[in-house]
Amino acid sequence: MTIHAALQKNVSLKSLNTFGIDAIAACYLEIHGIQDLERVYQDESLRRMPRLILGGGSNLLLVSERFEGIVLRMVNKGIAVERDDGHAVYLRVAAGEKWHDFVMWTLANGYPGLENMSLIPGTVGAAPVQNIGAYGMELKDHFYSLRAFDFQTGQMVELDREDCAFSYRDSIFKHAMKDRLVIMDLTFALPKSWKPNIGYGDVAGTLKEKGIVEPSAEQVSQAIIAIRQRKLPDPAVQGNAGSFFQNPTVTAEQMAVLKAKYPEMPSYPQPDGRFRIAAGWLIDQCGWKGRQLGQAGVCATQALVLVNCGDVKGREIAELAKAIQTDVQARFGLSLVPEPAFI
Ligand code: EPU
């Protein structure tokens, strides 16, 4: 099959982003393997086009109604046990696999370690971009390496954890390597000695309610799935992109000033001495929870999540986000940074 046989023109992205926003991609190609990327690279007009690398579309706000470039949608599949060095099991997984399906596969096959990140939407290949995380765990904790296609050289490259420069909801793929590297697969190192990590929020409480004191990885996963389902809207039912803003980070001095004024403000100490503040609480305090501007809404159970109340336009979500940022800035002097990429 030549590239032009698989290349599609004027494709609607409505079903390919979890907000369910309609936008048209000028060109669209599904990526099953490296050969597909090599063919794009070898075609000069395609290589020069703006690129949008699409996984599950769960961290994306399509602000423009048309994308004048090429969407490369990652659909490559496969999970394999690469090796076992006695301390850890190394698993290689293709970018196009769904993240949650991969976590379920690890548990079904007896490789615990990723259970706290159960039910995070999106694909495996998108996970390193914003170093996904939940319930006291981040992708970087068990990440070993990844392989990616480099559009500057046309070659494959391998990056380890340090190369990826992971931090809270951030990595090199949002900066220097944005649109340049296309992540093809990831390798995880899951330690063979496993301990549950249930110190965060209501995880231990949820398990205790069920009378579970020493949970298995499956039980931790089930508790986290239950908490997420309780708080977060299912994108299949109501379009959303999970947390819309990052939790802002402040210095210990700034935190002391804020705490004196707002003793009930939820905050989490970080290893570097700084504090992270719950953005959902800030938005809630500004009275936005459950409100709507046009077809763009703020979720009634978690103010950090913006939702599609019908047939929302990307710019309506962007306007709502701006109004929230303005209010939080005016009231608390804190700026909220959006999590999704605006296209
Ligand atoms: N809160 C409110 N009102 C709200 C929402 C939250 O008062 O409307 C308060 C809660 O009562 C709690 C605090 O804010 O005291 C924190 O809320 P929560 O435990 O729900 O966590 P979060 O900080 O809002 C973060 C992640 C989530 C992740 C959870 C659990 C970010 C931006 N979000 O949310 O990630 O699932 O912790 O680890 O860091 C995502 O990125 O899409 C996502 C869902």
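What you see is a predicted model; the values in this text were computed from it and never measured. All ligand and atom numbering here is 1-based and tracks the order in the structure. We count residues from 1, following the sequence as given.
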Visitor: Evaluate whether atom NZ of K208 has more than 12 neighbouring non-hydrogen atoms of other residues, nucleotides or ligands under 6.0 angstrom away.
Guide: no

Visitor: Before accepting this row, confirm whether a basic side-chain N of the pair E30/R73 lies closer than 4.0 Å to the acidic partner's carboxylate O.
Guide: yes

Visitor: Give me the residue, atom name and distance of the protein heavy atom closest to atom 21 (O) of ligand 1.
Guide: Y200 OH, 3.9 Å

Visitor: Output the list of atoms in ligand 1 that are nearer than 4.0 Å to some heavy atom of P266, sorted by atom number.
Guide: 15 (O)

Visitor: What is the nearest protein non-hydrogen atom to atom 38 (O) of ligand 1, stated with its residue, atom name and distance?
Guide: Y135 N, 2.7 Å

Visitor: Establish whether atom 11 (O) of ligand 1 and some protein heavy atom are separated by less than 4.0 angstrom.
Guide: no

Visitor: Can you tell me which residue and heavy atom of the protein come closest to atom 6 (C) of ligand 1, and the distance to 0.1 Å?
Guide: Q302 OE1, 3.6 Å

Visitor: Can you report which non-hydrogen protein atom sits closest to atom 14 (O) of ligand 1, along with the distance?
Guide: A278 CB, 3.3 Å

Visitor: Under 4.0 Å from any heavy atom of G242, which atoms of ligand 1 are there?
Guide: 42 (O)

Visitor: Indicate whether any N or O donor in one side chain lies under 3.5 Å from an N or O acceptor in the other, for N131 and S167.
Guide: no

Visitor: Does Q246 reach ligand 1 with a nitrogen or oxygen that is under 3.5 Å from one of the ligand's nitrogen or oxygen atoms?
Guide: no

Visitor: Tell me, which protein residue and heavy-atom name are nearest atom 1 (N) of ligand 1, and how many Å apart are they?
Guide: W281 N, 3.8 Å

Visitor: Closer than 4.0 Å to some heavy atom of L304 - which atoms of ligand 1 meet that?
Guide: 24 (O), 32 (C)

Visitor: Which of the atoms in ligand 1, numbered in the order shown and given with their element, are less than 4.0 Å from a heavy-atom of Y268?
Guide: 13 (C), 16 (C)

Visitor: Counting both backbone and side chain atoms, is some N or O of Y168 under 3.5 Å from an N or O of ligand 1?
Guide: yes

Visitor: Can you measure from NZ (K322) to CG (L336) and round to the nearest 0.5 angstrom?
Guide: 10.5 Å

Visitor: Which atoms of ligand 1 sit under 4.0 Å from any heavy atom of R169?
Guide: 26 (C), 27 (C), 31 (C), 33 (N), 35 (O), 39 (O), 40 (C), 41 (O), 43 (C)

Visitor: If you round to the nearest 0.5 Å, how far is CG of L114 from CE of M137?
Guide: 7.0 Å

Visitor: Should you measure from each heavy atom of R228, which atoms of ligand 1 turn up under 4.0 Å away?
Guide: 36 (O), 44 (C)

Visitor: Considering only non-hydrogen protein atoms, determine which one is nearest to atom 33 (N) of ligand 1 and report residue, atom name and distance to 0.1 Å.
Guide: S243 OG, 3.0 Å

Visitor: Apply the salt bridge (charged side-chain N to carboxylate O under 4.0 Å, His left out) test between D284 and each candidate in R291, K289, R331; give the one that qualifies.
Guide: K289

Visitor: Any idea which protein heavy atom is nearest atom 18 (P) of ligand 1, and the distance to it?
Guide: K231 NZ, 3.7 Å

Visitor: I want to check a possible cation-pi pair here: R83 against Y144, using under 6.0 Å from ring centre and within 45° of the ring axis as the test.
Guide: yes

Visitor: Do me a favour and list the nearest non-hydrogen protein atom to atom 23 (O) of ligand 1 with residue, atom name and distance?
Guide: N247 ND2, 2.9 Å

Visitor: Check whether any N or O atom of T301, backbone or side chain, sits under 3.5 Å from an N or O atom of ligand 1, and answer yes or no.
Guide: no

Visitor: I need the L293 CG to I317 CD1 distance, nearest 0.5 Å.
Guide: 10.0 Å

Visitor: Show which atoms of ligand 1 fall inside a sub-4.0 Å distance from at least one heavy-atom site of K289.
Guide: 3 (N), 4 (C), 8 (O)

Visitor: Side-chain heavy atoms nearer than 4.5 Å, only ILVMFWY residues, links allowed to pass through others: does that put L60 and L139 together?
Guide: no

Visitor: Look only at interatomic distance and state if A303 has a nitrogen or oxygen under 3.5 Å from any nitrogen or oxygen of ligand 1.
Guide: yes

Visitor: Would you please indicate if the ring centroids of F102 and F188 are separated by under 6.0 Å?
Guide: yes

Visitor: Looking at CD1 of I283 and CZ of F332, how far apart are the two atoms once the value is rounded to the nearest 0.5 Å?
Guide: 10.5 Å

Visitor: Near F245, which atoms of ligand 1 are under 4.0 Å from a heavy atom of that residue?
Guide: 32 (C)

Visitor: So, D185 and T187: side-chain donor and acceptor under 3.5 Å apart, yes or no?
Guide: no

Visitor: Answer yes or no for R180 and F151: cation-pi contact, defined as NZ/CZ to six-membered ring centre under 6.0 Å and angle to ring axis within 45°.
Guide: no

